[in-house]
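Nothing fancy with the numbering, it's 1 onward along the sequence. The figures here come from the full heavy-atom set of this structure, side chains too, leaving out hydrogens, waters and symmetry mates.
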Amino acid sequence: MRLKSAAHVWGKDVYETQEVVKAEVGIKGAHVAVIGEAGERGVLYSSICCDHGRMAGRTGLGAVMGSKNLKAIAVYGKNKIVVEDMERYSALRSEANRTLKQDNEAKIIHEVGTAGVANYAEYLGSMPAKYYHQGSFAGVDNISGSKMTESILTGSSACQGCVIACGRVVNLGDGNKRKGPEYETIVGFGPNLLIDNLEEVVRLGELCDKYGMDTISTANTIGLAFHLYEMGKVTKQDTGGIELTWGSFMAVRQLIHMIARREGIGDLLSRGSRQFGAAFDAEDEAVQVNGLEVAYHDPRGVSGMALSYATSPRGACHNQSDYFFVDFGHTYEKIGITYFERQAQAEKSANVAKHQDWRTFFNSAIMCIFANVDPQMQVDLINAACGLEWTLDDMMRSGERGWNIKRAINNRMGLTRANDKLPKALLEPHTEGGTMGFVPDMLAILETYYEARGWDKETGKPSKEKLLALGLADVAVDLWG
């Protein structure tokens with residue numbers, strides 16, 4: 001391990017820094033995780049970037065690195081990973097990959113990227129528009145994954161060893177190959193801000209990447225600024241003369257620069273939507289949960305996301321439970337995750353809890369949520385790799401333990417039942433589109449969720465009985481004495 005001065009790369013964007021550090025390391029196969037100017041300046045939703053455009057985007061990990069004056073980490077190695085039964089593991093891995101190549105969802109994501117779901121999501125009303133205040137978006141065809149494939153797509157990219165290759169490579173006519181935006185970026189800088197110009201959405205996403213900023217939180221917080229400007233709470237004097245007119249990608253570009261440099265109103269925006277809203281006496285207008293901006297899957301269109309956002313251990317995160325896929329019809333019967341109508345309410349709470357447990361296992365095993373590997377195959381792979389004798393119940397129990405441990409950590413740091421809620425905007429019915437007239441009944445949903453979880457309904461803590469049943473006696477004593 002070596003520690004080197006980063007003075008010569010401080011202030012450079014993430015892509016420039018990666019190339020400089022790789023050249024200095026001088027070892028083929030080295031990987032570099034870096035921050036950009038946003039992380040250096042402590043933007044609260046700054047990212048860590050690795051392997052060109054792959055982002056550890058949410059919750060501001062880039063700001064943590066920046067606070068420690070840590071610009072980049074380069075890693076490489078040559079030792080083999082220890083696997084208990086490599087022969088069996090290799091055979092299972094090959095079988096899983098062959099099956100995955102034939103999976104319908106994997107095929108679609110490979111062909112049109114994650115943004116391929118845009119048209120269907122818009123039809124259902126689960127794709128937010130105009131900062132979650134508009135029920136439909138007429139320009140969806142102009143920013144969809146299909147449009148990207150037909151116009152600017154030049155290739156795909158993949159994480160290490162992945163047969164899906166959901167990453168997009170695009171060309172905007174200048175001869176430069178660029179990272180194409182995924183669904184969240186497409187929606188954040190598209191319908192969320194009423195922009196229907198795909199090329200400009202690509203440029204806005206790329207600008208965030210270069211600065212090292214999470215596109216979900218950036219676009220969400222900028223959306224709040226536009227919303228408050230329309231309400232008259234934010235004025236032209238506040239913005240430094242910039243008119244926040246819906247659909248103006250030029251105004252969005254200016255704000256991104258100001259956020260990354262923490263200049264003018266950009267300093268307020270850099271603190272996230274909750275603090276930005278509070279600065280204008282409008283915190284309740286911010287579409288966030290526990291400080292983290294809501295991703296672009298509206299629970300009025302796919303009601304399972306109401307619980308995913310309200311009870312996620314790190315705020316409104318769609319990757320703690322991407323239950324919208326289940327609401328689209330993708331079930332996992334072997335582990336008890338069945339289908340309920342997409343706007344069903346309390347009756348699906350236990351189903352969401354199971355899905356959260358499963359995704360907790362996914363995150364622990366560092367599996368991609370787009371890889372629809374059969375649950376039994378997942379167990380078989382774990383057993384071959386680790387020398388275990390797990391069953392499906394063991395896998396789900398590990399996820400449930402993880403979810404409850406994270407809940408207990410948050411409870412110890414002050415989180416209560418009162419934190420399990422959605423922002424005001426998501427509890428107001430639309431008058432148009434696929435969600436017209438519907439809002440989640442959070443009281444009923446949470447009541448049945450706590451029952452399914454075995455959590456105390458007064459405090460929101462995992463009950464002592466539940467923690468003991470999960471073998472977490474030390475956590476039970478910590479929470480309950």
Side-chain angles (χ1 to χ4, degrees), residues 103-106 108-109 112 114-129 132 135-137 140 144-145 182-184 186-187 191-192 216 287 289 294-312 316-360 362 368-372 375 399 403 420 422-423 425-430 432-442 444-446 448-449 452-453:
D103 178 75
N104 284 336
E105 190 176 296
I108 292 170
I109 293 174
V112 292
T114 60
V117 77
N119 293 87
Y120 187 52
E122 198 278 336
Y123 169 73
L124 297 179
S126 66
M127 184 183 76
Y132 308 86
S136 61
F137 181 64
V140 63
S144 68
E182 299 182 28
Y183 171 84
E184 303 293 335
I186 284 276
V187 179
N192 177 55
I216 297 176
V287 184
V289 175
V294 172
Y296 299 111
H297 307 274
D298 195 318
R300 286 168 291 188
V302 280
S303 64
M305 294 307 295
L307 275 173
S308 293
Y309 292 143
T311 63
S312 161
C317 175
H318 66 297
N319 283 334
Q320 297 293 314
S321 172
D322 53 318
Y323 194 88
F324 57 88
F325 275 125
V326 184
D327 279 341
F328 287 172
H330 197 141
T331 60
Y332 307 90
E333 305 293 340
K334 286 186 179 180
I335 49 177
I337 298 174
T338 57
Y339 179 71
F340 291 84
E341 194 273 328
R342 68 183 178 91
Q343 290 180 328
Q345 304 242 34
E347 61 268 34
K348 72 165 61 169
S349 296
N351 219 46
V352 174
K354 287 180 184 177
H355 193 266
Q356 290 172 329
D357 293 343
W358 192 40
R359 287 315 196 201
T360 300
F362 258 70
C368 175
I369 60 176
F370 299 145
N372 291 312
W403 190 265
D420 298 339
L422 292 182
L426 301 184
L427 298 174
E428 297 173 343
H430 284 310
E432 58 174 339
T435 72
M436 186 168 58
F438 175 82
V439 293
D441 182 351
M442 291 306 295
I445 289 172
L446 284 168
T448 52
Y449 178 80
R453 279 276 176 219

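Here the side chain of Asn351 pairs a donor or acceptor atom with the backbone of Thr338 at under 3.5 angstrom. Judged by distance alone, the side chain of Asp420 and the main-chain N or O of Thr311 form no donor-acceptor pair under 3.5 Å.
Residues Met305 and Val352 are not in side-chain contact: their nearest non-hydrogen atoms beyond the backbone lie 4.5 Å or more apart. Residues Leu426 and Val439 are not in side-chain contact: their nearest non-hydrogen atoms beyond the backbone lie 4.5 Å or more apart. Under the 4.5 Å side-chain criterion, counting only non-hydrogen atoms from C-beta, Pro429 is not in contact with Thr435. Within the 4.5 Å cutoff, the side chain of His318 has heavy atoms near those of the Ile216 side chain. The side-chain heavy atoms of Tyr449 and Gln356, taken from C-beta on, include a pair separated by under 4.5 Å.
Between Gln320 and Thr360, the side chains place no donor N or O within less than 3.5 Å of an acceptor N or O (distance only, hydrogens not considered).
Judged as a side-chain contact (heavy atoms from CB on, under 4.5 Å), and not counting sequence neighbours, the contacts of Val117 are Tyr183, Phe328. Annotation: side-chain contact (heavy atoms from CB on, under 4.5 Å) contacts of Ile108 (sequence neighbours excluded): Val112. Residues meeting the side-chain contact (heavy atoms from CB on, under 4.5 Å) test with Ala316, sequence neighbours left out: Val289, Val294, Tyr309. In this view, Glu182 and Arg54, Thr114 satisfy the side-chain contact (heavy atoms from CB on, under 4.5 Å) rule, not counting sequence neighbours. Every residue meeting the ring-ring contact (aromatic ring centres under 6.0 Å, His included) condition with Phe362, not counting sequence neighbours, appears here in chain and number order: Trp358. In this structure, Gln345 has no side-chain hydrogen bond (donor to acceptor under 3.5 Å, both in side chains) partners at least two apart in sequence or on a different chain. Every side-chain hydrogen bond (donor to acceptor under 3.5 Å, both in side chains) that Asp322 has, sequence neighbours left out, goes to Arg359. Among residues two or more places apart in sequence or in another chain, the side-chain hydrogen bond (donor to acceptor under 3.5 Å, both in side chains) test is passed with Ser349 by Thr448. For Asp357, the side-chain hydrogen bond (donor to acceptor under 3.5 Å, both in side chains) partners at least two apart in sequence or on another chain are Arg453.
Within the model, atoms CG of Asn104 and CD1 of Ile109 stand 11.0 Å from one another, a figure rounded to the nearest 0.5 Å. Distance NZ/Lys354 to CD1/Ile335: 9.0 Å, rounded to 0.5 Å. Taking OG of Ser144 as the start and CD1 of Ile186 as the end, the distance is 8.0 Å to the nearest 0.5 Å. Here the straight-line distance linking atom OG of Ser321 with atom CG of Leu307 works out to 9.0 Å at 0.5 Å rounding.
Pairing each heavy atom of Ser136 with each of Ala129, the nearest pair is O-CB, 3.8 Å. Contact detail for Arg342 and Gly301: the closest heavy-atom pair is NH1-O, 2.7 Å. Looking at every heavy atom in both residues, Gly304 comes nearest to Asp327 through N-OD2, 3.0 Å. The nearest pair of heavy atoms linking Pro128 to Pro191 is O-CB, 3.5 Å. For Pro299 against Pro440, the heavy-atom pair with the smallest separation is O-CG, 4.0 Å.
The side chain to side chain donor-acceptor pair (under 3.5 Å) pairs that include a residue from residues 296-307 are Glu184-His297, Asp298-Arg300, Arg300-His430, Ser303-Lys348, where partners are two or more places apart or lie in different chains. Residues in residues 333-357 take part in these ring pair (Phe, Tyr, Trp, His ring centres under 6.0 Å) pairs, two or more places apart or across chains: Tyr323-His355.
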Step-by-step side-chain contact (heavy atoms from CB on, under 4.5 Å) determination, Val140 to Met127: CA-CA 10 Å; Val140 63; Met127 184 183 76; 3.9 Å; yes
I'd like a table of donor-acceptor pairs (distance under 3.5 Å, sequence neighbours excluded) in which one partner is a side-chain atom from residues 119-126, with atom names and distances.
from, atom 1, to, atom 2, distance (Å)
Asn119, ND2, Asp141, OD1, 2.7
Glu122, OE2, Phe137, N, 2.8
Ser126, OG, Ala121, O, 3.4

